[in-house]
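Here is how names work: the chains are called A, B, and so on, in the same order as the sequence lines, proteins then strands, and each is numbered from 1. Bear in mind the structure is a predicted one, so any value in this text is a computation, not a measurement. Both backbone and side-chain heavy atoms feed into the values below; hydrogens, waters and symmetry mates do not.
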Number of protein chains: 2
Amino acid sequence: MPKDRAPTRIQKKNRAAILEAALNVFSAHGFRGATVDQIAAEAGLSKPNLLYYFPSKEAIHTALLSGLLDTWLAPLHELDADGDPMEEILSYIRRKLQMSRELPRESRLFANELVQGAPRIHEALSNDLKALVDEKTAILTQWMDEGKIARLHPYHLVFSIWALTQHYADFDVQVRAILGDEDPFDGAEPFIDTLYRKLLTP
Amino acid sequence: MPKDRAPTRIQKKNRAAILEAALNVFSAHGFRGATVDQIAAEAGLSKPNLLYYFPSKEAIHTALLSGLLDTWLAPLHELDADGDPMEEILSYIRRKLQMSRELPRESRLFANELVQGAPRIHEALSNDLKALVDEKTAILTQWMDEGKIARLHPYHLVFSIWALTQHYADFDVQVRAILGDEDPFDGAEPFIDTLYRKLLTP
DNA sequence: CGTGAGTTTGACCAGATGGTCAAATCAAGA
DNA sequence: TCTTGATTTGACCATCTGGTCAAACTCACG
């Protein structure tokens with residue numbers, strides 16, 4: 001195991017390569033379906049060498065998830081209580097949809113974990129995520145109280161945004177099987193935009 | 001392997017027990033994460049005995065998926081071109097949501113498969129599912145042409161229904177982590193109902 | 001009851017998989 | 001250049017896992 005001094009050039013490069021490879025493999029096969037050999041091969045390292053940088057498969061997975069959680073929640077963080085309500089929400093949705101488009105592996109990584117009961121991130125859900133959502137739904141509720149947007153169950157409003165945007169990354173195969181050559185996101189963006197404009201208009 | 005005559009009493013009982021156990025295990029851990037021993041134990045059989053009824057793990061999975069596909073698509077099948085457009089769509093949505101509530105294991109079984117690229121049901125998606133969706137979106141399009149419901153991209157309308165309803169089964173842990181004790185479906189039903197009333201009203 | 005088909009199982013196997021270790025190789029600063 | 005810590009690897013191990021098989025047991029029916 002590398003000592004915990006300042007990471008060397010090689011350590012930086014290899015750790016990054018491992019996490020990148022792990023993202024590919026874990027998002028495509030889930031934790032149990034991924035093998036250390038596969039990750040090592042994809043990172044261009046031998047298995048013992050990979051295990052020199054991370055003590056176990058579990059450790060790689062954990063590092064990956066916790067490293068990406070911030071990225072994943074960033075769009076919601078940006079929701080600003082002082083902005084225009086409709087614009088704030090719609091641009092949150094656009095950011096979420098863009099993440100599904102540009103970071104589908106990350107979306108599927110979390111989806112895999114969640115579908116199987118989130119054994120490894122249950123804590124983060126009940127703490128960080130819950131806190132963030134509570135903070136932001138308070139803003140939504142205030143906007144509703146002020147009559148700026150339609151009154152709706154704020155938690156379910158958030159769930160609906162997650163569901164509609166992440167669906168395109170998580171169930172990509174299904175979407176494409178039905179749409180054929182059409183780009184999913186070309187149609188999704190205006191559709192979702194229209195949906196929320198109608199829904200949120202008081 | 002049992003001969004393919006009329007199945008005996010014991011064959012019926014054991015096959016059913018195996019599929020029930022397999023549904024539990026596959027939906028909770030995915031194909032790769034499930035073990036034959038686990039399924040056998042949960043079905044109350046020894047592993048060799050289980051493999052007397054199904055030739056392989058793969059075969060159990062396939063039997064399960066193809067057996068459930070009809071159930072899974074039934075709500076959409078019922079969408080009736082001759083009914084009242086708004087009522088037809090809303091009751092389709094209610095049926096879908098009810099399935100998420102009552103058959104969450106089935107939902108997660110498919111979710112697991114889809115998130116990982118649907119290696120085992122890709123064909124069914126491109127054939128059966130695609131055909132059914134095409135048939136039903138034709139009805140939706142006609143209703144739009146007649147001005148009975150708002151004009152929207154019909155495929156994305158269907159995707160949105162799947163996303164919003166299945167989200168509650170597939171990502172149950174996350175939803176519950178945020179809602180706490182509140183029953184997810186109590187809030188989801190009126191929310192989704194309101195959403196589609198607003199969205200579909202021309 | 002006898003019998004043959006249907007059912008069940010303990011013992012076993014081969015390959016996959018996560019992980020270890022000592023030895024070899026490499027890199028960078030003194 | 002030399003030394004020392006960082007890096008890499010081949011060989012290896014224990015366990016898990018899907019699957020096999022022959023022998024034993026059970027059941028239904030004549």
Q) Roughly how far apart are A:Asn24 CG and A:Arg105 CZ, rounded to 0.5 Å? A) 4.5 Å
Q: Between B:Ala34 and A:Leu45, name the one whose nearest nucleotide on DNA chain D is closer to the 5' end.
A: A:Leu45
Q: Let me know the distance between CZ of B:Phe54 and C1' of D:dG19, rounded to the nearest Å.
A: 16 Å
Q. In whole angstrom, what separates B:Asp37's CG from D:dC16's C1'?
A. 9 Å
Q. Is there a side-chain polar atom (N or O) of B:Arg32 under 4.0 Å from OP1 or OP2 of D:dG18?
A. no
Q: Round to a whole Å and report the spacing from CZ of B:Arg15 to P of C:dT7.
A: 9 Å
Q: Would you please indicate yes or no on a ring centroid separation below 6.0 angstrom for A:Tyr168 and B:His156?
A: yes
Q. Between C:dT9, D:dA11, D:dG19, which nucleotide gets closest to the side-chain atoms of B:Lys47?
A. D:dG19
Q.
Does either side chain, that of B:Glu182 or that of A:His153, offer a donor lying less than 3.5 Å from an acceptor on the other one?
A. yes
Q. OP1 or OP2 of D:dT8 sitting under 4.0 Å from any side-chain N/O of A:Tyr52?
A. no
Q | Side-chain N or O of B:Arg9 closer than 4.0 Å to phosphate OP1/OP2 of D:dA28 | A | yes
Q) For A:Phe54, is the NZ or CZ atom of A:Arg15 found under 6.0 angstrom from the centre of its six-membered ring and inside 45 degrees of the ring axis? A) yes
Q: Would you mind reading off the distance between A:His61 atom NE2 and C:dG19 atom P, rounded to a whole angstrom?
A: 13 Å
Q.
In this structure, how many angstroms lie between the C1' atom of C:dA22 and the CG atom of A:Asn49, rounded?
A. 15 Å
Q.
Please determine whether a side-chain nitrogen of the Lys or Arg among A:Arg94 and A:Asp193 lies less than 4.0 Å from a carboxylate oxygen of the Asp or Glu.
A. yes
(Q) Without decimals, in angstroms, what is the distance between B:Ile10 CD1 and C:dT9 P? (A) 12 Å
Q: Look at the side-chain N and O atoms of B:Asn14 and state whether any lies under 4.0 Å from the OP1 or OP2 oxygen of C:dT8.
A: yes
Q. Do B:Lys57 and D:dG19 share a donor-acceptor pair, side chain to base, under 3.5 Å?
A. no
(Q) D:dT7, OP1 or OP2 - any side-chain N/O from A:Thr8 closer than 4.0 Å? (A) yes
Q) B:Tyr53 OH to C:dT8 C1': how many Å, rounded? A) 8 Å
Q | Whole angstrom value for the distance that separates P of D:dT7 from NZ of A:Lys13 | A | 10 Å
Q: Between A:Val36 and A:Pro48, name the one whose nearest nucleotide on DNA chain C is closer to the 5' end.
A: A:Val36
Q.
For a quick test of reading the model: is some side-chain N or O of A:Gln11 closer than 4.0 Å to OP1 or OP2 of D:dA6?
A. no
